[in-house]
Visitor: 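Quick one: the structure is below, questions incoming.
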Amino acid sequence: MADQPTALERFVQGILPENPVYRQLLGLCPTLAVTNNMVSAVTMACSVAFVLLCANVVISLIRNLLKPHLRIVIFTLTIATFVTIADRVLAAYLYQMSKALGPYIPLIIVNCLIICRCEVCASRQSVVTAASDAIGQSIGFGLALASIAAVREILGTGMFFNIQVLPVAWPDWVIMVLPPGAFLTLGLLLGLVNFVEQKRAGRKG
Amino acid sequence: MEKWSRLRNSNLFQAWLVLLLSLVFGMSLASVEIALKPRIQANKIKETMEKIPGVVLGSDRAQAMQTAGEALDIEPMTVEAGGTFYRVYRTAFDDNTLAGFVVKASAQGYADKIELLVGFDAHVKRITGVFVLDQKETPGLGNKIVEEQWLDQFEGRSLSSPLVVVKTRAEKDHEIDAVSGATISSRCVTGIVNQTVEDLRNKLMVKKQQESNAANEKGGNGHG
Amino acid sequence: MNYLIDLGLLALSAAVINNFVLYYFVGICPFIGVSKRVDMAFGMGCAVTFVISIAALLSWSITTLVLVPGAPVSSFVASFFLSKEAAASIDLTVLSYIVYIFSISSSVQFVEMYVRKFFPFLYRSFGVFLPLITTNCAILFACLTIMSNIAGVDNPADAWDLGRALVFSIFGGLGFTLAIVIMSGIREELEICDVPKPFQGAAITLIVGGILALAFMGFNGVDSGIRRALTPDPAIEKTVLLDQGEGRLCRLSLDTALSQARRP
């Protein structure tokens, strides 16, 4: 147990070094689907944060009772329950947002990120560590979504959080808010992150 | 003793955690559902009801009514016409005079289904307005059908002849200017409006007639 | 006839026009992970199509028979405990996500057992990818779309029947196969190209995927175009105004008016 990362390490790792989207390439479905404007991206990041935190805490509380061949079933059950709760709360209090995000909220259930964190961290470490891991990974996920959404919304509509930031004369690059724009933006940003990583690794080694 | 250890290793026993968790989660989901379901239903209905005054009275008058604290009485009903069922909303003022009808109609657009609210005036002679409830047209092009500026064209149009979409400037009474670069989306919206008018004009006229007959009978004694 | 046209257009839309990977962004993980070789990609696509059809069948049946308000099985069971009216309005849709994900896991288990027994070579070459299909967004997405077209429609007559559900899912899976096979073909070519180091791997795959999505956007509007070609356009249809006496005016299409006039 001594060589497992501490709570603080888990938290820091989740934000940039083990960023779920840019480094681990997990959870790409919502990343591409909801990032055509900032509001959707932030709502999705918050939903994932809620589900990840709750699932991690619950799994961590029962970690000593998990049987090896039934643990995936338990992970799935827990995650599906919290996703249903998140979906219902959104439909009740943010109805327009719930309609805009559509089927992508329930798709959080099959988001590899959450099952991965449950498996790697929550089922092995204490509640505090699991919680800080969840928060760290959620912040990382939120940052990744926000970066992509910022590019897509500003270039595609000239607005940021529905506030006009580019001059009205800007010819909207409509392609950015359509599916191809999502792929291209993520691909280019991923390349950029890899470039920065390789430069840093080159300087160290 | 043998039986007990066999029982302990059986699948059902090993799955006690799964069963317990299912029970706990099931109950929490049930309570969330009971707590939130009314709110969600109300949200769904509000979405359409909110838009109806604006469609049947025009946005200025609806705004004025709202600031004055008055509200339209909206009664939903289902009318069968043209082979499908239409959701028709009868709107009336406080004193039960007919304000108009609003019909929810939908059909295939360019990319996916377009859902509209079409308003008929109290005499069932003119269109009072059109509102786009749901559409998935191309952003930046077909998307422009939601703009008030374009939908204002439908206000006040007579029901006597079907509307036609033209690409050049619309001059005649029954011509509608297309959204530049989105002729097909414009045609689909106009087509839905035309189909709704054709299907429901007579039925709504009959309803209106029934109402004014009933009102006349009530007040008819005074005229002798 | 209309039903077959509807099914055909739905199939076209699910496979090509609104492709699962390139339009709805579901199934991206295997799209990037498994698309290095054409034969692996094709095998993965077939496995996903197979699982998606079983999962669609299961989810349609469970949704229609158990989950929606007024479903036969749930109201039958509830009628033992509650009054008839209360039993008819039992709404179990809150359990739908849990039910779907478990039916998907069982479908994958079933497919795994089947492949292990009858196609052992295929089973070995798949390795760990077969159980991973459980977390493939595409399958859950198909189930969710079926649910929203049964439970989420205003008019019960518009609810999807089994035919539509199956056609949508199977052709969605075929569309996924199409996209992943095209991508693997391109990636095989990319192996011998000089891709810059930061872009090797996922980044270049995503960029190529973007260009593919751009190409598939060309299919936008094909299904509605076909549908409109098969139905008369009310916006420009020729109509006549008939005076039916007592001030009642009636607008008929030209064809209807002529056929009515010809009748004695």
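Reminder, nothing fancy here: chain letters follow the sequence lines and each chain counts from 1.
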Visitor: Do A:Val110 and C:Phe141 come close enough that some side-chain heavy atom pair is under 4.5 Å?
Guide: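 A:Val110 does not reach C:Phe141 side chain to side chain.
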Visitor: Is A:Asp87 close to chain C through its backbone or its side chain, or both, or neither, when contacts mean heavy atoms under 4.5 Å?
Guide: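 For A:Asp87, the contact with chain C is made by the side chain alone.
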Visitor: Sort by residue number and list every member of residues 37-45 of chain A having a non-hydrogen atom under 4.5 Å from chain C.
Guide: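 Heavy-atom contacts from residues 37-45 of chain A to chain C are absent.
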Visitor: Just do the side-chain contact (heavy atoms from CB on, under 4.5 Å) check on A:Leu28 and C:Phe31 with the steps written out, would you?
Guide: CA-CA 11 Å; A:Leu28 292 180; C:Phe31 184 66; over 6 Å; no
Visitor: Spell out the residues in residues 176-186 of chain C that have some non-hydrogen atom less than 4.5 Å away from a non-hydrogen atom of chain A, in order of number; otherwise answer 'none'.
Guide: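 From residues 176-186 of chain C, none sit under 4.5 Å of chain A.
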Visitor: For a 4.5 angstrom cut-off between non-hydrogen side-chain atoms, does C:Leu144 reach A:Leu107?
Guide: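 Yes, close enough: below the 4.5 Å cut-off.
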Visitor: Can you find a heavy atom in the side chain of C:Lys197 that is under 4.5 Å from one in the side chain of A:Asn194?
Guide: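 No; the side chains remain at least 4.5 Å from each other.
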Visitor: Determine whether the aromatic ring centres of C:Phe25 and A:Phe183 lie less than 6.0 Å apart.
Guide: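 Here the rings of A:Phe183 and C:Phe25 have centres that are less than 6.0 Å from each other.
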Visitor: Can you name the closest pair of heavy atoms from C:Cys29 and A:Cys112 and give their distance?
Guide: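 Nearest heavy atoms, C:Cys29 then A:Cys112: SG-SG, 4.1 Å.
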Visitor: Identify which of A:Gly181, A:Ala182, A:Cys29 forms the greatest number of heavy-atom pairs closer than 4.5 Å to chain C.
Guide: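 When all of A:Gly181, A:Ala182, A:Cys29 are compared, A:Cys29 has the most.
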Visitor: So, for C:Val94 and A:Thr84, which heavy atoms are closest and what is the spacing to 0.1 Å?
Guide: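 Heavy atoms only, the tightest pair is O-CG2, 3.2 Å.
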Visitor: Would you say that A:Leu190 contacts C:Phe199 through its side chain, given a criterion of any heavy-atom pair below 4.5 Å between the two side chains?
Guide: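 A:Leu190 vs C:Phe199: side chains apart.
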Visitor: At a heavy-atom separation under 4.5 Å, does A:Ile115 approach chain C through its side chain, its backbone, both, or neither?
Guide: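 Contact with chain C: side chain only.
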Visitor: Given that the side chain runs from C-beta out, which part of A:Leu77 has a heavy atom under 4.5 Å from chain C: side chain, backbone, both or neither?
Guide: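 Answer is both: backbone and side chain atoms of A:Leu77 are under 4.5 Å from chain C.
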Visitor: Are there residues of residues 137-162 of chain A that reach to under 4.5 Å of chain C by heavy atoms, and which ones?
Guide: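 Under the 4.5 Å heavy-atom cut-off, nothing qualifies.
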Visitor: Do C:Leu214 and A:Ile175 have side chains that get closer than 4.5 Å, going by heavy atoms?
Guide: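 Counting from C-beta outward, C:Leu214 and A:Ile175 do come under 4.5 Å.
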Visitor: Counting only non-hydrogen atoms closer than 4.5 Å, does A:Leu178 touch chain C with its backbone (N, CA, C, O), its side chain (CB onward), both, or neither?
Guide: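 Answer is side chain: those atoms of A:Leu178 sit under 4.5 Å from chain C.
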Visitor: Do any of residues 91-104 of chain A have a heavy atom less than 4.5 Å from a heavy atom of chain C, and if so, which, in residue order?
Guide: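 Near chain C, by residue number: A:Pro103, A:Tyr104.
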Visitor: For the candidates A:Pro30, A:Pro179, A:Gly27, which exhibits the highest count of non-hydrogen atom pairs separated by less than 4.5 Å from chain C?
Guide: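 Ranked by heavy-atom pairs under 4.5 Å with chain C, first place is A:Pro179.
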Visitor: Looking at CG of C:Leu206 and OG1 of A:Thr185, how far apart are the two atoms once the value is rounded to the nearest 0.5 Å?
Guide: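 The distance works out to 10.0 Å.
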Visitor: How close do A:Gly191 and C:Ala203 get, heavy atom to heavy atom, and via which atoms?
Guide: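 Nearest pair, atom of A:Gly191 first, then C:Ala203: N-CB, 3.9 Å.
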